[in-house]
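Below you'll find the structure, written out as structure tokens, and then a few comments.
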Amino acid sequence: QVQLVESGGGLVQPGESLRLSCAASGSIFNIRTMAWYRQAPGKQREFVAMAPRVGATAYSDSVQGRFTISRDNAKNTVYLQMNNLKSEDTAIYYCKADDLQTAAWDLPRDYWGQGTQVTVSS
């Protein structure tokens, strides 16, 4: 059984930093892309950043230049370094694994974590 568990959220002041982690556990053969999304109160879930197994990372315009996504394929873990946080970054941050296979013959499917709360407030 595959699980994605996020950690690292919390309460910080504007301008401060946080580092989120998301570890995928269970029987995992391959994960094509690992990504972060977020959902603020009263808003739809939105894309934040993605890290493919092969290829360039990508970011939403709202976090470009402030957030950095990285990935440790050996640990099936993805990180999100968030610098210069703003109040509008307040949200629940979700990790997503796109096209995860539990074996070479397995059909790929997507998995979501339960989310971690990030609050930016003075």
Side-chain angles (χ1 to χ4, degrees):
Q1 184 177 358
V2 174
Q3 281 190 314
L4 271 63
V5 178
E6 301 99 333
S7 62
L11 171 63
V12 295
Q13 295 187 347
E16 294 186 337
S17 299
L18 275 177
R19 188 188 192 217
L20 305 183
S21 299
C22 170
S25 63
S27 178
I28 298 173
F29 172 74
N30 183 55
I31 305 174
R32 182 177 61 84
T33 299
M34 298 190 79
W36 289 95
Y37 288 73
R38 67 186 181 186
Q39 187 166 17
K43 296 187 176 181
Q44 290 189 331
R45 192 172 298 188
E46 64 174 5
F47 167 78
V48 175
M50 63 174 281
R53 188 177 186 89
V54 177
T57 56
Y59 300 88
S60 68
D61 289 344
S62 61
V63 307
Q64 179 77 46
R66 299 187 298 121
F67 291 11
T68 301
I69 190 171
S70 60
R71 177 175 171 174
D72 185 334
N73 291 325
K75 296 181 179 180
N76 292 318
T77 299
V78 65
Y79 306 95
L80 186 67
Q81 177 66 43
M82 306 185 294
N83 297 330
N84 190 22
L85 282 160
K86 305 175 181 181
S87 58
E88 51 262 43
D89 295 318
T90 296
I92 299 174
Y93 283 70
Y94 296 91
C95 173
K96 184 184 181 190
D98 285 329
D99 289 346
L100 185 151
Q101 291 176 279
T102 59
W105 54 86
D106 184 36
L107 290 176
R109 55 168 290 188
D110 299 343
Y111 292 83
W112 288 91
Q114 292 299 307
T116 185
Q117 176 71 48
V118 172
T119 303
V120 185
S121 175
S122 56

Is atom CD of Gln114 surrounded by more than 12 heavy atoms (other residues, nucleotides or ligands) closer than 6.0 Å?
-> no
Please walk me through it: do Arg66 and Asp89 pass side chain to side chain contact (heavy atoms under 4.5 Å, CB included)?
-> CA-CA 11 Å; Arg66 299 187 298 121; Asp89 295 318; 2.8 Å; yes
Hydrophobic cluster of Phe47, others only, ordered by chain and residue number, side-chain cut-off 4.5 Å | Tyr37, Met50, Ile92, Tyr94, Trp112
So, does Gln39 use its side chain to make a donor-acceptor pair with the main chain of Lys43 at under 3.5 Å?
-> yes
Here the disulfide bond (SG atoms under 2.5 Å apart) pairs for residues 6-87, sequence neighbours left out, are Cys22-Cys95
Does the ring of Tyr79 carry Arg71 above it, NZ/CZ under 6.0 angstrom from centre and within 45° of its axis?
-> no
Are Ser62 and Ser60 close enough that a side-chain donor and a side-chain acceptor fall under 3.5 Å?
-> yes
Compute whether any side-chain donor of one residue and acceptor of the other, for Asn30 and Arg32, lie under 3.5 angstrom apart.
-> no
In short, Asp106 meets Gln101 closest at the heavy-atom pair O-NE2, 3.0 Å
Gln44, CD atom: more than 12 neighbouring heavy atoms under 6.0 Å = no
Pairs involving residues 48-79, ordered by first then second residue, that meet disulfide bond (SG atoms under 2.5 Å apart) (sequence neighbours left out) = none
Remaining members of hydrophobic cluster (4.5 Å side-chain criterion), Tyr59 = Val2, Leu4, Val12, Leu18, Leu20, Ile28, Ile31, Met34, Trp36, Val48, Val63, Phe67, Ile69, Val78, Leu80, Met82, Leu85, Tyr93, Leu100, Tyr111, Val118, Val120
Residue pairs involving residues 37-69 (criterion disulfide bond (SG atoms under 2.5 Å apart); sequence neighbours excluded) | none
Could you tell me whether a side-chain N or O of Ser122 sits under 3.5 Å from a main-chain N or O of Gln13, the two making a donor and an acceptor?
-> no
Hey, is the main chain of Arg38 close enough, under 3.5 Å, to the side chain of Arg45 for a donor-acceptor pair?
-> no
Donor on one side chain, acceptor on other, Asn83 and Gln81, under 3.5 Å = yes
Going by the ring-ring contact (aromatic ring centres under 6.0 Å, His included) test, which pairs reach into residues 5-34, not counting sequence neighbours?
-> none
Return yes if some donor-acceptor pair links the side-chain N/O of Gln3 with the main-chain N/O of Ser25 below 3.5 Å, else return no.
-> no
